[in-house]
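Note: hydrogens, waters and symmetry copies are ignored here, and every other heavy atom, side chains too, is used. Chain identifiers are assigned alphabetically (A, B, ...) following the order of the sequence lines, protein sequences preceding nucleic acid strands; residue numbering begins at 1 within each chain.
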Amino acid sequence: MSERRKQYPFDEIEAQWQSLWDQQKTFRASNPGDPDFDPEKPKYYALDMFPYPSGQGLHVGHPEGYTATDIISRYKRKLGFNVLHPMGWDAFGLPAEQYAIEHGVHPRETTEKNIAHFKAQLQRIGFSYDWDREINTTDPSYYRWTQWIFLKLYNSYFDTESNAARPIAQLIKSREEDFPGESAGERNAYINSRRLAYIDEVAVNWCPALGTVLANEEVIQGKSERGDHPVERKPMRQWMLRITAYCDRLIEELEDLDWPSGIKKLQQNWIGRSEGADVHFTLDAGESASTGDRITVFTTRPDTLFGATYIVLAPEHTLVDEITTSQQLQEVTAYRQTAASKSERERTETSKEKSGVFTGSFAINPVNEEKIPIWIADYVLTSYGTGAIMAVPAHDERDHEFASKFGLEIRQVVDPGKKDDSCFTGEGTVINSSPLIDGLGTPEAKAVMIGNGKEPGWLEKNGAGMPRINFKLRDWLFSRQRYWGEPFPVAWDDAGNHFALSEEELPVEAPAMDDFKPTGTADPPLSKALEWVKLHEHSTRETNTMPQWAGSCWYYLRYCDPDNKHDFISREADDYWMNVDLYVGGTEHAVLHLLYARFWHKVLHDLGYLKTREPFQKLVNQGMILGEDGQKMSKSRGNVVNPDEVINEYGADSLRLYEMFMGPLEQVKPWSMKGVEGVYRFLARVWRLFMEEDQEGKWQLSDKVSNVEPTKKQLRILHETIKKVGHDIESLDFNTAISQMMKLTNEFTSADSRPVSSLAAFLHLLNPFAPHISEELNRIIAAAFPDVAPDEQLANASWPIFNEDYLVDDEMEIVVQVNGKLRDKMIVSKEASEAELEAAAKQLDKVQPFIEGATVRKVIIVPGKLINIVAN
RNA sequence: GCCGACGUAGCCCAAUUGGUAGAGGCAAGCGACUUAAAAUCGCUCAAGUGCGGGUUCGAGUCCCGCCGUCGGCACCA
């Protein structure tokens, strides 16, 4: 193809327009306070999920979502909106750091190089970003505010009364009033335990080879995703963010958002709210247990308490040491050791057989005073609920499997109401329990046990338990042992107390280090920068860094006011721009990024810094683009398509158009170079609609383009197209908008006389999709027909208005059916009455045979569409 | 196992509240132009909508039961 002559000079056109846009700052959005700001204009905020600038550069999956938001942005500008359409870089992260370690290049260098490459690639596609608002999470002027937000989290607590975050000062004040005699140390400990950012000792995925803690999703089958190194569970002191305080709001406030229902559901499931009860089982006075101790379990089925035939504790449960009898000690110890050596992944492998051991002790079931054995097993997780369960093997599959294996009693207490010989976990009628609940349905029996919201239930009245709501979501492990991340604005004193740095000390920049290799111990690389670490005579800096998620939690806010030196965002900018009207990105961020960003947003909202409760009003996930072989694109498969190559061959407009023409935005679809060629041919057809080659092969305006009145047919298709393209852009159905423009092009191509007024209008429609070619053609006809096409850029000119009058016909085609089967069609006047229609239909030769000798039972008329005669 | 998305010409995909299965592109075939080819222009071809039931005058569309592909979650009591 490179040998072949280009069908139109896209390479010259595209470069020219791109540099013009750049020089003129055509797509600059003005902020409140700017001299050219127009408060009358409505705003529109179209946001892409910003990329991690990897060394590989863009592949054709990136521009899919970017093109969609670009079309919307260009379209909205033409409708008179002030459009915020920015781009930036999520540039902290492990790949740059690993590269640094392996090649001795500072991650800042790699990052800068990668960003430059990414940016150049994006600019070649002709996106209408306001590059004045470009942000980079690794820039100290950016991450100073990431650190500032961390200070807000550190200096806040969650007030359950108002169900919102409040300044920690309020908590300190009320604590002082409530406990005036408390020592400073005690008070400090209490306050620290309530902060939204706090320190905890938690089991983490520690990777010795990489020298860092990894997130669960970075661990694949006990090995690190990057490098395939072994990962072990290890308790470490970590910074945590109290996202669990927001569980309820993160679920409830999803409701008003215009997000795909699947993504909402995914978030709900991730947060995993379940209602139930804590139930206390008293320990039976065994040899080592002291009387009166109790085990608390969490259950969502308090109606099945009478079917609880044993208790299971997580192997790590704190009571295990206390209750294990000497006969069982050896077995229990061995089991706990095995469990501890397993990774989280191995522990939760559902396919594996249940395992566990008996502790030798017993507990008393509070509902019937029965003595039931206490086991430990790794299918009970220490991190959920109370780390202990009551096992009801008749009505829980996991308990059933366990009981069957170890010969424990299985007692049925729910009647399914139908024949069911499997383990029944659904709702039914209570049996074999007690007069208290026997005969009740599952929901009623639950209510008796836990209460109905007004009246306390049996458990509470008898001191045997409490209603309780549990969540799967855990607090967010927020520290990493890495160099290439935001340092914490925190330090430690000699006594081991942490304290926040002041806002004036921000940004806390990482020291320039030559050696950022992991230390091989739990100490982060920053601990090697001894001078930096030492803050004052009696204090040292925190040496952990923040995870990659941090910067992306609030970047959408910074775009609104990127150069603000005094605030992370000004009140005016927040008021005006937020929230995001359209957010487009991949499903891979459906849970974590979106959940974390929503959490931070809510905290900042609670503290009075933001007006909105939610950041992203409308969310769309673009579908993945597969390789030509229908497989996921990957280097190893060799099916990766580089947008640069596509642009070299066919131009940026063709790339943009094909990305959108492939199919519905949200759908997964395979790439096809033949398909690119198809849209390229379409653009060439558009070009030749206006242009023709002279003897020397130079392009000039075609004689066929003239200032004539369009025909009725031409007007009709033009206005159909104006209507459809506008509608389809609004609903993000770009593929069908493009096909309509192809239809129009075909129609006008076959015309000998091409009315310039119609063609000019068409260029407006094409402009958001293929901005370079449309601007160029518009410039050419504006020069030749100044009365028809004003000499202005399409980017700034108004979207055409369609006129419904051109769409209606005097006549219409009506489908004639007999008994629902198509028999004929007829052309009738638009004014024809139903009776006239019926009479005309019955006269048709192709209809007659089917109604002859039959009784007409019914005639169905769909106005303007069809007539159906029901006869037998 | 659970949740979600998708199954329509050879391929990618269209088809208002149920109302003519086809808009567009790719591929294929034919013709025009050409010494010839490419490019271009014009024309043509093709499925009865994954399978089985049901509702309806009428089902790609609604309901029930399956099958397949892809993605996500996965012992959360």
Side-chain angles (χ1 to χ4, degrees), chain A residues 3-5 7 260-263 265-266 268-270 272-274 276 297-301 304 312 347-352 354 377-381 383-392 395-399 401-402 425 470-474 587-588 590-591 621 623-624 626 630 632 657-658 661-664 666-679 681-682 684-685 688 724 727 733 735-746 749-750 813-825 857-872:
Chain A
E3 298 305 311
R4 211 194 302 158
R5 202 178 163 290
Q7 291 199 28
S261 60
I263 301 295
K265 201 166 254 175
L266 221 64
Q268 281 162 2
N269 292 345
W270 192 266
R273 182 181 199 272
S274 41
V297 304
F298 173 71
T299 178
T300 55
R301 293 296 299 270
T304 62
V312 189
R347 282 276 292 267
T348 58
E349 195 58 61
T350 47
S351 54
K352 90 175 180 356
K354 294 272 176 292
D378 66 2
Y379 81 92
V380 173
L381 309 173
S383 50
Y384 183 77
T386 60
I389 62 156
M390 64 176 209
V392 185
H395 305 291
D396 180 286
E397 278 170 25
R398 298 152 300 185
D399 299 342
E401 197 189 322
F402 191 80
T425 59
N470 247 314
F471 297 93
K472 276 203 286 189
L473 185 70
R474 312 291 155 74
T587 353
E588 66 272 23
V591 179
N621 291 119
M624 204 195 319
L626 307 173
K632 210 168 183 164
L657 214 55
Y658 179 65
F661 187 64
M662 294 173 78
E666 303 192 47
Q667 202 161 296
V668 177
K669 43 216 178 275
W671 187 264
S672 155
M673 276 305 178
K674 284 283 187 192
V676 182
E677 240 177 275
V679 295
R681 281 205 283 262
F682 160 65
R685 265 165 90 88
R688 290 192 309 267
K724 184 158 178 60
H727 272 167
D733 294 314
N735 53 332
T736 50
I738 294 166
S739 79
Q740 177 67 30
M741 291 191 282
M742 288 173 166
K743 201 174 154 184
L744 179 143
T745 303
N746 292 344
T749 295
S750 59
E813 191 186 56
I814 296 291
V815 169
V816 183
Q817 295 182 336
V818 178
N819 292 332
K821 287 205 172 69
L822 174 69
R823 295 303 175 190
D824 206 355
K825 297 172 190 180
R857 300 279 174 201
K858 206 172 169 185
V859 176
I860 291 145
I861 294 175
V862 180
K865 293 244 160 142
L866 66 70
I867 173 165
N868 184 15
I869 300 166
V870 185
N872 61 6

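- Comparing A39(B), C3(B), C75(B) by their closest approach to the side chain of Tyr379(A) singles out C75(B).
- Partners of Asp396(A) under the salt bridge (charged side-chain N to carboxylate O under 4.0 Å, His left out) rule, at least two apart in sequence or in another chain, are Arg398(A).
- With a 3.5 Å ceiling on both atom-pair distances, the Watson-Crick or G-U wobble partner of G42(B) is C30(B).
- Nucleotide C2(B) holds its P atom 14 Å from the NZ atom of Lys265(A), rounded to whole Å.
- Side chain of Asn819(A) to backbone of Ala871(A): a donor-acceptor contact under 3.5 angstrom is found.
- In this view, Thr749(A) and Arg685(A), Leu689(A), Thr745(A) satisfy the side chain to side chain contact (heavy atoms under 4.5 Å, CB included) rule, not counting sequence neighbours.
- Note on Lys743(A): every side-chain N or O is 4.0 Å or more away from OP1 and OP2 of G24(B).
- Atom-to-atom, CD of Glu677(A) to C1' of A39(B) comes out at 11 Å; the value is rounded to the nearest Å.
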Protein-to-nucleotide contact annotation, 5' to 3' order, nucleotides 7-18 of chain B [B base; S sugar-phosphate only; - none; under 4.0 Å, heavy atom]: -----SSS----
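- Nucleic acid contact for Glu588(A): none, since no nucleic acid atom lies under 4.0 Å from a heavy atom of the residue.
- Taking the centre and axis of the six-membered ring of Tyr379(A), the NZ or CZ atom of Lys354(A) falls inside the cone set by 45° and 6.0 Å.
- Taking atom NE2 of residue His727(A) and atom C1' of nucleotide A23(B), one finds them 17 Å apart after rounding to whole Å.
- Checking the phosphate oxygens (OP1, OP2) of C41(B), a side-chain nitrogen or oxygen of Arg688(A) falls inside 4.0 Å.
- When the side chain to side chain donor-acceptor pair (under 3.5 Å) test is applied to Arg823(A), no partner is found at least two apart in sequence or on another chain.
- Within 4.0 Å of Lys825(A), counting heavy atoms only, lies at least one base atom of the nucleic acid.
- C57(B) is paired with G19(B) under the criterion used here, namely a Watson-Crick or G-U wobble arrangement in which both key atom distances are under 3.5 Å.
- Residues satisfying the ring pair (Phe, Tyr, Trp, His ring centres under 6.0 Å) criterion with Phe661(A), sequence neighbours excluded, are absent altogether.
- Legend: residues meeting side chain to side chain donor-acceptor pair (under 3.5 Å) with Gln817(A), ordered by chain and number and at least two apart, are absent.
- For Thr587(A), no side-chain nitrogen or oxygen approaches OP1 or OP2 of G72(B) to under 4.0 Å.
- For the pair Met673(A) CE and C26(B) C1', the interatomic distance rounds to 14 Å; values are reported in whole Å.
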Protein-nucleic acid N or O pairs under 3.5 Å, nucleotides 57-63 of chain B:
unit_1, atom_1, unit_2, atom_2, d
C57(B), O2, Asn868(A), ND2, 2.2

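- Dashed line: the shortest gap from a side-chain N or O of Asn621(A) to OP1 or OP2 of A5(B) is not under 4.0 Å.
- Between Arg823(A) and the phosphate of U20(B), there is no side-chain N or O to OP1/OP2 separation shorter than 4.0 Å.
- In this structure Thr386(A) satisfies the side chain to side chain donor-acceptor pair (under 3.5 Å) test with no other residue, sequence neighbours excluded.
- At A27(B), one or more side-chain N or O atoms of Arg681(A) fall inside 4.0 Å of OP1 or OP2 (strictly under the cut-off).
- Using a distance-only test at 3.5 Å, with no hydrogens or angles considered, a donor-acceptor pair links the side chain of Asp399(A) to the main chain of Val392(A).
- Judged as a side chain to side chain donor-acceptor pair (under 3.5 Å), and not counting sequence neighbours, Asn735(A) has no contacts.
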